[in-house]
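Just so we're on the same page: letters track the sequence lines, and every chain starts at 1.
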Number of protein chains: 2
Amino acid sequence: MIKRVAIVEDDKGLREQLALVLKTAADVECVAAYGSAEEALKCIEAARPDVVLMDINLPRMSGIECVAKLKEIMPSVQIIILTVYEDSERIFHALRNGASGYLVKSSPPEKLLEAITDVTQGGSPMSTHIARKVVQHFHMVGPALEEEQYPLSPREQEVLELLAAGYIYKEIGDKLSIATETVRTYVKHICQKMHVKNKTEAVAKSNLTR
Amino acid sequence: MIKRVAIVEDDKGLREQLALVLKTAADVECVAAYGSAEEALKCIEAARPDVVLMDINLPRMSGIECVAKLKEIMPSVQIIILTVYEDSERIFHALRNGASGYLVKSSPPEKLLEAITDVTQGGSPMSTHIARKVVQHFHMVGPALEEEQYPLSPREQEVLELLAAGYIYKEIGDKLSIATETVRTYVKHICQKMHVKNKTEAVAKSNLTR
DNA sequence: ATCGAATCCGCATGGAAGTGCGGTTTGGAA
DNA sequence: TTCCAAACCGCACTTCCATGCGGATTCGAT
């Protein structure tokens with residue numbers, strides 16, 4: 001299956017260079033190349049790309065914003081960020097906006113083509129230094145969230161989740177096929193274990209958003 | 001510079017196979033191979049590895065736990081998880097515990113060796129499908145945190161925060177110097193604006209942890 | 001001048017939640 | 001075999017919350 005790829009990159013030289021790289025692969029077709037986010041947003045639907053290679057540093061609208069808007073009009077398109085920036089802020093923002101891959105511009109051509117294949121097969125190609133930034137994020141938030149972890153039993157965890165969804169004890173009992181009184185017991189235990197005053201604080205402290 | 005690598009893997013066959021792969025690289029030396037987490041924890045300091053290849057599915061103590069303990073006694077060691085499991089739970093847990101890389105066991109030898117190099121150079125090698133799981137985590141928490149904003153008034157926001165802290169209406173009223181009845185009114189408005197059933201769900205949806 | 005939003009307050013009523021006690025059974029760890 | 005955690009259930013009692021109604025003032029925008 002041939003992958004249809006579009007390029008969004010303001011530098012003409014780099015844009016053409018990327019197109020050349022794409023041409024060297026038999027299973028990749030470069031269906032479009034845009035010099036700005038605005039141009040891409042206007043025309044990209046007609047090009048029907050599977051994958052978009054997106055520069056971050058575009059004039060006016062940044063590539064990160066463009067990712068969000070692209071994902072709105074074409075939710076299934078896979079976006080790979082191509083950039084010289086390696087700061088966490090940009091990385092996280094881009095990923096949150098829906099990018100699936102993140103390569104530094106210095107990546108060799110074969111890595112780029114490999115990334116295009118990966119991303120169409122449900123992977124998330126990332127330059128290894130980018131990945132480290134992401135992993136560091138987990139090192140940061142992980143312990144912070146987890147040190148404060150309470151040894152809730154699986155059943156208690158379930159109850160807590162249903163509390164967070166706004167159900168009352170009777171409904172929770174029905175969903176779990178247990179008595180309302182039992183739910184009440186679990187909530188008591190949860191509040192004791194978490195050292196909180198009531199179920200609302202327990203839910204807040206547990207960070208459950210659904 | 002030669003990288004000193006240790007292996008923790010309970011399957012003897014796979015352990016020896018990994019050792020063989022390491023031997024094929026000129027810049028890698030296999031300094032130790034353990035069949036259990038306990039053995040590794042006891043002896044690994046003497047081996048002074050730069051990198052540890054860690055299986056997850058070990059008898060008794062899991063590789064994930066072992067990562068945490070290894071990082072305690074040797075904070076600078078780089079750990080690469082080798083596993084057949086691709087579920088987010090294990091991935092996040094391992095990363096939070098201090099793992100720097102995460103490869104599926106089916107990765108080809110050259111990827112493994114590349115990963116060892118990457119990890120010593122500050123990268124985070126990850127199988128592309130693993131990376132996708134991590135990226136999906138950002139897709140999940142990202143928009144949930146910043147797009148789904150409700151137009152709560154400042155006062156309503158304050159009340160919501162105090163709810164998350166577990167206070168009852170009377171206490172909130174006292175803190176804000178307003179009547180309990182007014183607090184009740186705010187909570188009504190909050191629940192209406194957020195389209196939730198009760199204050200507990202409102203708190204859950206608002207992601208307030210303090 | 002009128003409208004809406006934000007802030008503020010009150011009350012009645014039924015249902016929900018919290019507290020404190022009690023209990024059983026099962027299954028695994030010490 | 002003893003002990004404990006987990007899962008399960010019950011009741012009495014108090015307090016708290018949710019709902020639905022009503023009202024007030026202020027302040028900025030149309």
Side-chain angles (χ1 to χ4, degrees), chain A residues 146 148-208 210, chain B residues 36-38 41 57-62 64-66 69 89 148-208 210:
Chain A
E146 206 175 23
E148 292 268 34
Q149 200 111 32
Y150 303 91
L152 295 188
S153 75
R155 211 55 168 167
E156 288 162 353
Q157 193 67 42
E158 284 185 272
V159 170
L160 187 56
E161 280 166 27
L162 292 170
L163 286 179
Y167 294 112
I168 63 173
Y169 293 179
K170 163 110 180 52
E171 292 170 327
I172 295 176
D174 290 347
K175 277 184 191 295
L176 299 179
S177 301
I178 55 179
T180 305
E181 285 304 323
T182 308
V183 177
R184 193 187 302 278
T185 303
Y186 283 138
V187 175
K188 264 180 272 189
H189 292 163
I190 291 170
C191 290
Q192 281 162 11
K193 285 186 179 177
M194 296 180 74
H195 311 293
V196 296
K197 293 190 271 297
N198 52 39
K199 59 173 185 149
T200 304
E201 189 183 357
V203 163
K205 210 166 176 177
S206 74
N207 248 17
L208 291 170
R210 280 156 307 151
Chain B
S36 74
E38 293 83 351
L41 289 171
N57 197 20
L58 300 171
R60 294 176 301 277
M61 185 188 302
S62 83
I64 293 180
E65 277 181 77
C66 189
K69 293 187 194 296
E89 255 325 294
E148 291 261 41
Q149 217 80 300
Y150 301 90
L152 295 187
S153 75
R155 210 56 166 168
E156 286 162 355
Q157 192 68 42
E158 283 185 272
V159 170
L160 187 57
E161 279 165 28
L162 292 169
L163 285 178
Y167 295 112
I168 64 172
Y169 293 178
K170 163 115 182 43
E171 293 169 325
I172 296 176
D174 290 348
K175 279 186 190 292
L176 299 180
S177 301
I178 55 179
T180 306
E181 285 304 321
T182 307
V183 177
R184 194 186 302 281
T185 302
Y186 284 137
V187 175
K188 266 181 271 188
H189 292 164
I190 291 169
C191 290
Q192 281 163 10
K193 284 186 180 178
M194 295 180 76
H195 310 294
V196 297
K197 294 191 270 298
N198 52 40
K199 59 175 185 147
T200 304
E201 189 183 356
V203 163
K205 209 166 176 178
S206 73
N207 247 21
L208 292 169
R210 282 157 304 151

Can you confirm whether [X] sits close enough to [Y] that some side-chain heavy atom of one is under 4.5 Å from a side-chain heavy atom of the other?
X	Y	answer
A/N198	B/Y167	no
B/R184	B/V187	no
A/L176	A/V183	no

Checking [X] side chain against [Y] main chain: does a donor-acceptor pair fall under 3.5 Å?
X	Y	value
A/E201	A/K197	yes
B/E171	B/I168	yes
B/R155	B/Y186	no

Check your understanding: Closest heavy-atom contact between B/E156 and B/H189?
Key ->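 Looking at all heavy atoms of both residues, the closest pair is OE2-CB, 3.5 Å.
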
Exercise for review: Heavy atoms only: give me the nearest A/M194-A/L160 pair and the separation to one decimal.
Suggested key: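 Residues A/M194 and A/L160, closest heavy atoms: SD-CD2, 4.3 Å.
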
Practice item. Would you mind reading off the bend of the helix from C/dA1-D/dT30 to C/dA29-D/dT2 from its two end axes, five pairs each, to 10 degrees? Key: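 Overall, the helix from C/dA1-D/dT30 to C/dA29-D/dT2 bends by 50° from one end axis to the other.
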
Point to revise | Pairwise distance CG(B/L163) to CD(B/E161) - rounded to 0.5 angstrom | key: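 One finds 10.0 Å between CG of B/L163 and CD of B/E161.
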
Practice item. Starting at OG1 of B/T180, measure out to CD1 of B/I172 and round the result to the nearest 0.5 Å. Key: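 Going from OG1 on B/T180 over to CD1 on B/I172, the span is 9.5 Å.
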
Check your understanding: Can you give the first and last nucleotides of DNA chain D, 5' to 3', that have an atom under 4.0 Å from a heavy atom of chain B?
Key ->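 Here the contact window of chain B covers D/dC16 to D/dC21.
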
Review point. Please give, in whole Å, the distance from C/dA5 C1' to B/L152 CG?
Key: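 Whole-Å distance recorded here is 13 Å.
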
**Study point:** Summary of protein contacts for nucleotides 8-20 of chain C, nucleotide by nucleotide, where a base hit scores B, a sugar-phosphate-only hit scores S (4.0 Å, heavy atoms)
**Key:** BBBB----SBBBB

